[in-house]
A.B. asks: 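Below is one structure. I have some questions about it.
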Amino acid sequence: MSATPTANTAANTSLFAKLWYNKENRSIIVQILAALALLWFFGSMVLNAVHNLEALGKGFSFNFLEQPASYDINQHLIEYSSRSSHFTAMMVGIINTLLIAVAGIILATVLGFILGVLRLSKNWLIDKLAYCYIEFVRNVPVLLHILLIHGIVVHSLPKPKQAINFADTTFLTNRGVFMPSPEYLPLFKFVVAAFIVGVIFAWFFRKFAKGLQEKKGTQLPVFWVSLFSIIGLPAITFLALGQPVEWDIPELKGFNYKGGMVIRPEFLALWLALSFYTAAFIAEIVRAGILAVNHGQTEASMALGLPRNKTLNLVVIPQALRVIVPPLSSQYLNLTKNSSLAIAIGYMDVTATIGGISLNQTGREMECMMIVMAIYLTFSLIISASMNYYNKRIALVER
Amino acid sequence: MNNTENNISATGRALGDSTIEIREMHKWYGEFHVLRDINLDVKSGERIVVCGPSGSGKSTMIRCINRLEEHQKGDIIVDGVELTNDLKNIEAVRREVGMVFQHFNLFPHLTVLENCTLAPIWVRKQPKAEAEATAMKYLERVKIPDQALKYPGQLSGGQQQRVAIARSLCMSPKVMLFDEPTSALDPEMIKEVLDVMIELAEEGMTMICVTHEMGFAKTVADRVIFMDEGQIIEENEPEQFFNNPQSERTQLFLSQILAH
Amino acid sequence: MSNSTTEQKYEPGKHPSMPPPFKTRGIMLWLRENLFSSPTNIVLSLLAIYFLYKVLPGVLDWTLFDAAFVGEDRNACKAKAGGACWAFIGERLRLFTYGFYPEAERWRVNLAFLMLVLSCIVLLWENCPLRKPLMGFVALFPFAAAFLLVGGNGVKLLVALACIAVVLMLVYKGFSSLFVMIIAITAAVLAKIIFFGGFQLPFSDLQIQGLVDLDQYDQLNLKKVSTDLFGGFMLTLIIGVTGIAFSLPIGILLALGRQSNLPIVKYACVVFIEFIRGVPLITLLFVASTMLSYFLPPGTTFNLLIRVLIMVTLFASAYMAEVVRGGLQAVHRGQSEAADALGLKYWPSMRLIVLPQALKISIPAIVNTFIGLYKDSTLVIVIGLLDPLGIGRASLADTKWNGLTNEVYLFVAIFFFISCYAMARYSLYLENKLHTGHKR
C-alpha cells in the first residue's frame with residue numbers, strides 16, 4: 001500500500017515537503033499549474049486559429065454583417081428582402097427563434113399542465129392514456145417529431161386545390177394553414193377600449209374585493225367577475241357595434257391561396273413538435289411537483305375545514321410551484337435550444353440564417369458561430385437569471 | 001337520576017350532552033380489519049385519552065372522527081351531524097373539530113400568523129383584522145406571540161406544535177383531536193406542549209387525545225381508553241385504569257410503558 | 001350468516017378479524033371505482049372511450065391490418081393495401097442496421113454488439129456470476145470494440161490494452177490517485193515512444209522519435225474500415241456508448257472541480273459547464289464539422305466521427321456534471337467530516353466515502369442524461385453522418401420508394417422508443433430500489 005505521508009516528522013522537511021504539505025502553499029501550486037495548463041491550452045488554440053486564418057487569407061472581422069445577404073427568408077416579421085444586410089437577416093432569425101420559442105413555451109405549458117393533471121386523475125383510463133402519450137413522446141428524439149410532423153403536413157395534407165375546408169374560411173393544405181386575417185374598421189377601437197376598460201375594472205374589482213374581504217370578511221366571486229369583464233365586455237361591445245371587422249378570407253388563385261394569414265408548414269411542424277415533446281416533460285414535472293407536497297399538508301388543510309378547491313389553491317399549488325418552477329424553466333431553455341433544429345426542415349431561425357446560409361455564403365465560420373453561440377448564451381442567461389430571482393423570492397425560510 | 005350521574009366527570013365537573021357518538025363502527029384497509037366494533041360516546045367538556053400499542057388503530061379511530069379516514073360500517077355523529085359521503089356535512093364537521101398532528105403539518109409557505117388566519121378568513125369568512133386579532137390572542141395563549149411573523153421552518157419543534165394548536169383554536173372548535181402531539185418532539189419540548197394542552201383542558205375544551213404521556217392522562221383525563229388490535233379493550237377513569245387495570249393486555253401494556 | 005341488524009356481540013377485545021362487508025375484488029367493483037366513481041369521472045371515461053374508438057381502429061389498420069409487408073416497390077405496396085408499406089423497411093433493414101459497413105466485415109459489428117450486450121449484463125445485473133473479473137472485461141470493452149469496428153494493427157491494441165489494464169489494477173488496488181495518474185501518464189508516453197513510433201507534442205512543433213515500429217508485426221491485422229461507412233443503428237450505438245462511457249468520469253471530475261475551494265479550478269469548471277449547457281448541441285456539432293481544424297496546428301486533421309464523438313461527450317459531460325453535483329450536495333456533510341476525522345485525504349475520502357453515495361443517489365438522473373444523449377445522437381444528420389434517420393432520409397430519395405416518410409420515421413421512432421423506454425424503466429426500478437433502501 002502507499003505509504004502515508006510523514007510530513008510532521010522532523011526528517012521530512014525538505015523544500016518539497018514544505019511546499020506540498022502546507023495547505024495554503026499546495027492550493028497555490030495547484031492553481032498556478034491549472035492556470036498555466038488553461039493558458040497553454042487556450043493560448044495555443046488562439047495562436048493556431050490566427051495562424052490558420054492568416055494562411056487562408058481570411059482575417060477576423062465582423063464587417064461582413066453589413067454586406068447584402070442576397071437570399072430570401074419567407075417568414076419575416078420585420079422589413080427584409082434579399083438586398084438587406086446579413087445583420088438584418090440575423091435580426092429576422094432572432095425574431096423567428098423568439099417567435100417559435102414563445103409560441104412553443106405557451107402551448108407546451110398549457111398541454112403539459114393538462115397532461116400532468118390528467119396523470120393524477122383517479123380515472124384509470126385517463127391516467128393510462130396520458131401515461132402512454134407521455135412515455136411515447138418523450139422517449140423519441142425531438143428531431144424525429146419535427147420530421148414526422150413536417151412529413152405529415154407536407155406529404156399527407158392535401159394540395160391547395162383539395163384543401164381541407166373549415167367553414168369556407170380556414171384551409172388546411174400542404175402549403176400551410178390559411179386563415180382569414182382581420183381588417184379592423186374604425187368602430188373596432190371601441191372594442192379595444194372596452195377590453196382596456198374590462199382589464200382596468202377587473203384590476204380594481206380585485207383590489208376592492210380584497211379590501212372588502214379584509215374589512216368585512218365577505219368573499220366575492222373575483223374569478224368570474226374578472227372573466228366576464230375581460231372577455232365578456234369586449235365581446236358584447238363587439239356584437240353591439242355590429243361586428244366592426246372585415247375578414248380577408250384567403251382565396252384559391254392558381255396553385256395556392258392568396259390573402260388572409262398563413263401559418264407555414266415549417267413553423268407549424270416545428271411549433272407542434274417542440275410543444276408536444278416539451279409538454280411530455282412538463283407533465284412529469286407537474287405531476288412530480290404536486291406529488292411532492294406532503295399529504296399531511298392536504299390533511300391539515302382539510303382538517304381546518306377548507307374545501308377541496310381552496311386546499312388546492314391556498315396550500316397545495318403554492319407549495320408545488322416551488323418544486324415545479326426550477327425544472328420547468330430548464331425545460332423552457334431546452335425548448336429554446338431545440339428550436340435550433342429548425343434547420344432540418346428549413347424554418348429560418350437564427351441558426352439557419354446567420355449560422356447557416358450567411359455562414360456558407362461568406363465563409364466566416366468563426367464569426368458566425370460566435371454570434372450564434374452568443375445569442376443562445378444570452379437567452380440561457382436571461383432565463384436562468386429570472387429563474388434564480390424567482391427562486392430567491394419564493395425560497396422557504398428555514399432556520 | 002341516572003342521567004345526571006352520567007353527566008358528572010371524574011374530576012367532578014358537569015358535562016354537557018354527547019358531542020361525538022360512535023356506534024358499531026368498523027373500518028377496513030383492503031382486506032385488513034383495522035377498526036372492529038368501536039363504540040364511543042364523548043360528552044361535551046369531556047377529556048379522553050386514548051392509548052395502546054402502535055398499530056392498534058388509535059390514530060385511525062380519531063382520524064375517522066373528522067373523516068380523514070372513511071369508515072365502512074356503523075355511524076359516527078359529530079355535533080349532531082352524521083358523517084356520510086355528503087361533502088357539506090364533512091366540511092361542517094371539520095369546521096367544528098380541530099386537529100393537531102404528530103408532525104405538526106404547518107404550512108411552510110405561510111408565516112405563523114398566516115397559518116393561523118388562513119381558515120378563519122377562507123372558511124369562517126372573518127375580516128382579516130379580526131382574524132389576526134384572534135390569532136394573536138391564541139398565539140399569546142400558547143406563549144409565542146413574538147414569533148407571529150416568522151415562518152414555521154424557523155421555529156423549534158415545540159414551538160411549531162404550539163402554533164399548530166393555536167391554528168386549530170382560531171377556528172373556535174367544539175372538539176379538539178390530538179394525534180400523538182408530542183411523539184415527534186425532543187424531551188425538553190414535550191413539557192411546553194403538554195402545559196398548553198393542560199391549560200386548554202382546564203378551560204373546559206372537549207378533547208380526545210392519542211398519547212403515550214401517562215402523566216398527562218393521570219392529571220387531565222376524565223376517561224382513559226385502551227385499544228389493541230383495532231378494538232377498545234378497556235375504558236375507565238384514570239385512577240381505576242392505572243391502579244386496577246382489568247384486562248391482561250392492559251396490564252402488560254402498562255407494565256411496559258411505566259417500567260423505566 | 002350474520003346480518004347487520006342482529007350483529008353478534010363479542011366480549012371486549014375478542015372481536016375477530018372479519019372480511020369487509022363489500023367485495024374488494026371483482027371487475028364490476030374495479031370498473032365502478034376506477035372509471036365511474038363520480039359524474040366527472042363518468043364523463044371523462046366516456047370521452048376517453050370515444051377517443052379510443054375514433055383513433056385506435058384507424059391507427060391499427062394503417063400500421064398492421066391494412067399494411068403491406070412484402071412488395072417490390074411503392075406501387076406494388078399500394079396496390080396490395082391502403083395502409084403502411086413495411087416492405088420498404090424490410091428491404092432496407094440491413095442498411096438501417098449497419099450503414100454502409102462492408103458486407104464481408106459485418107461479423108465484426110455483430111461481435112462488438114455481442115460484447116456490448118455482455119458488458120451491459122455484467123454492469124446492470126448485480127448478482128451476475130463472476131462479476132468482479134468480468135468488470136475488467138467491461139473496462140477494456142470500449143477499446144476492443146473500437147479496434148473491432150475500425151480495424152488496424154492488433155499488436156498495438158494488445159500493448160495498449162496491457163498498459164490500461166496495469167493502470168486499472170493499480171487504481172483497483174487502492175493506490176492514491178495522484179500516484180496512479182503519474183504512472184499512467186509516464187506509461188502512456190513511454191509506450192508511445194517505445195512501440196508506436198514518434199509523435200508530435202500537441203500544439204507545438206516538438207518532435208519525438210520512436211524506438212520500435214510495431215507496424216512490422218502485422219499478424220493480427222484487421223482490415224481497416226473507413227468511419228465514413230459507419231451508419232444506421234450501429235452509429236447510434238457507437239455515439240451513445242462512447243458518450244456514456246466517457247461523459248460520466250469527465251462529468252464527475254467537473255462536478256468535483258465545481259465544488260472545489262480553489263477559485264481558478266472552480267471558475268474554469270463553472271464557465272465550461274454553463275457555456276456547454278447554454279448553447280444547442282447542433283452549434284457544437286457545426287463547430288466540430290466546420291471550424292475545429294482552425295484551432296489545431298496547421299496540417300493536423302482528424303476524423304469527423306472522432307470530432308463528433310468528442311463534442312457529444314463534452315456536451316453530455318457538462319450535463320452529467322450538474323447531475324453529479326446534485327448528488328454530491330445530497331450527501332450529508334457529516335459523511336465527508338467523518339472521513340476527514342478518520343484521517344482520509346481528499347481523493348480517498350471522495351472515492352471511498354462521498355462519491356459512492358453521491359453516485360448512488362443520482363443514478364436515476366444519470367440514466368436520464370444517458371437517454372437524452374442517446375436521443376441527441378440523431379442530430380448528427382445535420383452535419384451529414386448517416387444515423388438511422390440519415391439512412392431513412394437517404395432511402396427516401398430512391399424513386400422506387402418515393403414519399404414513404406411516415407413509415408421511415410415511425411420505424412426509427414419505434415426503435416428509439418424501445419431502447420429509451422427500456423432505459424427509463426431500468427432507472428425507475430433503481431429509483432424504487434433506492435427508496436426502499438433509504439426507508440428501512
Side-chain angles (χ1 to χ4, degrees), chain A residues 1-2 4-5 27 30-32 34-35 38 40-41 44-49 51-53 55 121-126 129 135-136 138-145 147-148 151-152 154-156 333 336-341 343-344 351 355 359 365-366 369 372-373 376-377 379-381 384, chain C residues 30 33-35 37 41 44-45 47-49 51-52 173-176 179 202-204 261-265 268 274-275 277-283 286-287 290-291 293-298 343 371 375-379 381-382 389 393 403 405-406 409-410 412-413 416-417 419-421 424:
Chain A
M1 302 298 314
S2 61
T4 44
S27 102
V30 171
Q31 294 202 62
I32 289 173
L38 285 172
W40 171 66
F41 184 72
S44 49
M45 256 171 60
V46 170
L47 287 180
N48 283 331
H51 191 222
N52 284 329
L53 285 175
S121 163
K122 283 207 182 88
N123 188 313
W124 184 86
L125 204 54
I126 294 287
L129 274 178
E135 288 302 326
F136 184 76
R138 72 180 186 151
N139 282 316
V140 170
V142 62
L143 183 57
L144 249 171
H145 286 296
L147 292 175
L148 190 61
I152 290 174
V154 173
H155 294 284
S156 303
L333 196 54
T336 312
K337 285 189 290 173
N338 282 338
S339 72
S340 62
L341 296 178
I343 201 168
T351 315
L359 182 150
E365 294 97 343
M366 193 85 81
M369 289 320 291
V372 172
M373 287 182 163
Y376 282 107
L377 278 176
F379 291 158
S380 322
L381 282 179
S384 24
Chain C
W30 185 89
E33 284 208 330
N34 292 298
L35 296 183
S37 58
N41 252 341
L44 282 176
S45 299
L47 276 178
I49 290 168
F51 172 77
L52 285 178
K173 287 278 177 209
F175 281 95
S176 101
F179 177 65
F203 306 116
S204 72
N261 43 19
L262 312 174
I264 292 183
V265 176
E274 294 305 328
F275 171 73
R277 279 158 40 91
V279 297
L281 176 56
I282 200 175
T283 56
F286 276 149
V287 168
T290 59
M291 51 186 282
S293 55
Y294 286 145
F295 297 115
L296 299 174
I371 295 176
K375 285 187 295 180
D376 281 344
S377 69
T378 47
L379 300 200
I381 65 164
V382 180
L389 215 47
R393 299 244 289 182
T405 47
N406 293 347
Y409 294 146
L410 204 64
V412 180
F416 273 101
F417 172 71
S419 35
C420 293
Y421 187 66

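Each chain gets a letter, A, B and so on, in the order the sequences are listed, and its residues count up from 1.
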A.B. asks: What are the two closest non-hydrogen atoms of A413(C) and V140(A), and how far apart are they?
C.D. replies: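 Looks like O-CG2, 3.6 Å.
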A.B. asks: Tell me, side chain or backbone of V382(C) under 4.5 Å from chain A's heavy atoms, or both, or neither?
C.D. replies: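 Side chain of V382(C) only, per the 4.5 Å heavy-atom cut-off to chain A.
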A.B. asks: In Å, rounded to the nearest 0.5 Å, how long is the span from NE2 of H51(A) to CG of L296(C)?
C.D. replies: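 It comes to 13.5 Å.
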A.B. asks: To check you understand the geometry: which heavy-atom pair defines the closest contact between V265(C) and A34(A), and what is its length?
C.D. replies: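 Closest approach of V265(C) to A34(A): CG2-CB, 4.1 Å.
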A.B. asks: As an exercise: rank S419(C), A48(C), A424(C) by heavy-atom pairs under 4.5 Å with chain A and give me the winner.
C.D. replies: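 The answer is A48(C).
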A.B. asks: Measure L379(C) against the heavy atoms of chain A and call it side chain, backbone, both or neither at under 4.5 Å.
C.D. replies: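 When you check distances to chain A, atoms from both the backbone and side chain of L379(C) fall under 4.5 Å.
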A.B. asks: So which part of V30(A) gets closer than 4.5 Å to some heavy atom of chain C, the side chain, the backbone, both or neither?
C.D. replies: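 V30(A) touches chain C through side-chain heavy atoms alone.
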A.B. asks: Give the minimum heavy-atom separation between Y409(C) and L148(A), together with the two atoms involved.
C.D. replies: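 Nearest heavy atoms, Y409(C) then L148(A): CB-CD1, 3.3 Å.
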A.B. asks: Roughly how far, to the nearest 0.5 Å, is the CD1 atom of I126(A) from the CG atom of L44(C)?
C.D. replies: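 Taking CG in L44(C) and CD1 in I126(A), the distance rounds to 4.5 Å.
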A.B. asks: So does G151(A) get a backbone contact from the side chain of N406(C), meaning a donor-acceptor N/O pair under 3.5 Å?
C.D. replies: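 No, because the side chain of N406(C) does not come within donor-acceptor range (under 3.5 Å) of the backbone of G151(A).
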A.B. asks: Please flag which part of L125(A) lies under 4.5 Å from any non-hydrogen atom of chain C: side chain, backbone, both or neither.
C.D. replies: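 Its backbone and side chain both get close to chain C.
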A.B. asks: With sequence neighbours left out, what residues match A268(C) under side-chain contact (heavy atoms from CB on, under 4.5 Å)?
C.D. replies: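 In terms of side-chain contact (heavy atoms from CB on, under 4.5 Å), with neighbours along the sequence ignored, A268(C) is linked to L38(A).
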A.B. asks: Looking only at atom types and distance, does a side-chain atom of K375(C) sit under 3.5 Å from a main-chain N or O of R138(A), one as donor and one as acceptor?
C.D. replies: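 Yes, because the side chain of K375(C) sits within donor-acceptor range (under 3.5 Å) of the backbone of R138(A).
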A.B. asks: Determine the option with the most heavy-atom pairs under 4.5 angstrom with chain A, choosing from L389(C), D376(C), I264(C), I49(C).
C.D. replies: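 The option with the most such pairs is I264(C).
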A.B. asks: Below 4.5 Å from any heavy atom of chain A, which atoms of L262(C) appear? Answer side chain, backbone, both or neither.
C.D. replies: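 L262(C) touches chain A through backbone and side-chain heavy atoms alike.
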A.B. asks: Looking only at non-hydrogen atoms, find the nearest pair between Y294(C) and N52(A) and report the distance.
C.D. replies: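 Heavy-atom minimum between the residues: O-ND2, 2.6 Å.
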A.B. asks: Side chain from CB out, backbone as N, CA, C, O: work out which of these in L129(A) comes under 4.5 Å of a heavy atom of chain C, or both, or neither.
C.D. replies: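 Just the side chain, heavy atoms under 4.5 Å.
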A.B. asks: Checking F417(C) now: which residues fulfil ring pair (Phe, Tyr, Trp, His ring centres under 6.0 Å) with it, not counting sequence neighbours?
C.D. replies: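 With neighbours one apart ignored, the set is F136(A), Y421(C).
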A.B. asks: Which atom pair, heavy atoms only, marks the closest approach of M369(A) to T283(C)?
C.D. replies: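 Reported closest heavy-atom pair: CE-O, 3.5 Å.
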A.B. asks: Please give me the minimum heavy-atom distance between T378(C) and L143(A), naming the atom from each residue.
C.D. replies: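 Where T378(C) meets L143(A) most closely, the heavy atoms are O-CD2, 3.6 Å.
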A.B. asks: Evaluate the criterion side chain to side chain contact (heavy atoms under 4.5 Å, CB included) for residue pair T351(A) and F286(C); output intermediate values, then yes/no.
C.D. replies: CA-CA 10 Å; T351(A) 315; F286(C) 276 149; 3.9 Å; yes
A.B. asks: Please tell me if the side chains of S380(A) and R277(C) come closer than 4.5 Å, counting only heavy atoms from C-beta onward.
C.D. replies: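 The answer is no; the side chains never approach within 4.5 Å.
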A.B. asks: Nearest 0.5 Å, please: how far is CG in N41(C) from OG in S121(A)?
C.D. replies: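 Here the rounded value is 5.5 Å.
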A.B. asks: Give the intermediate values and the outcome of side chain to side chain contact (heavy atoms under 4.5 Å, CB included) for residues T405(C) and V154(A).
C.D. replies: CA-CA 10 Å; T405(C) 47; V154(A) 173; over 6 Å; no
A.B. asks: Using modelled atom types only, decide if a donor and an acceptor are shared between the side chain of K337(A) and the backbone of I282(C) within a distance under 3.5 Å.
C.D. replies: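 It does not hold such a pair.
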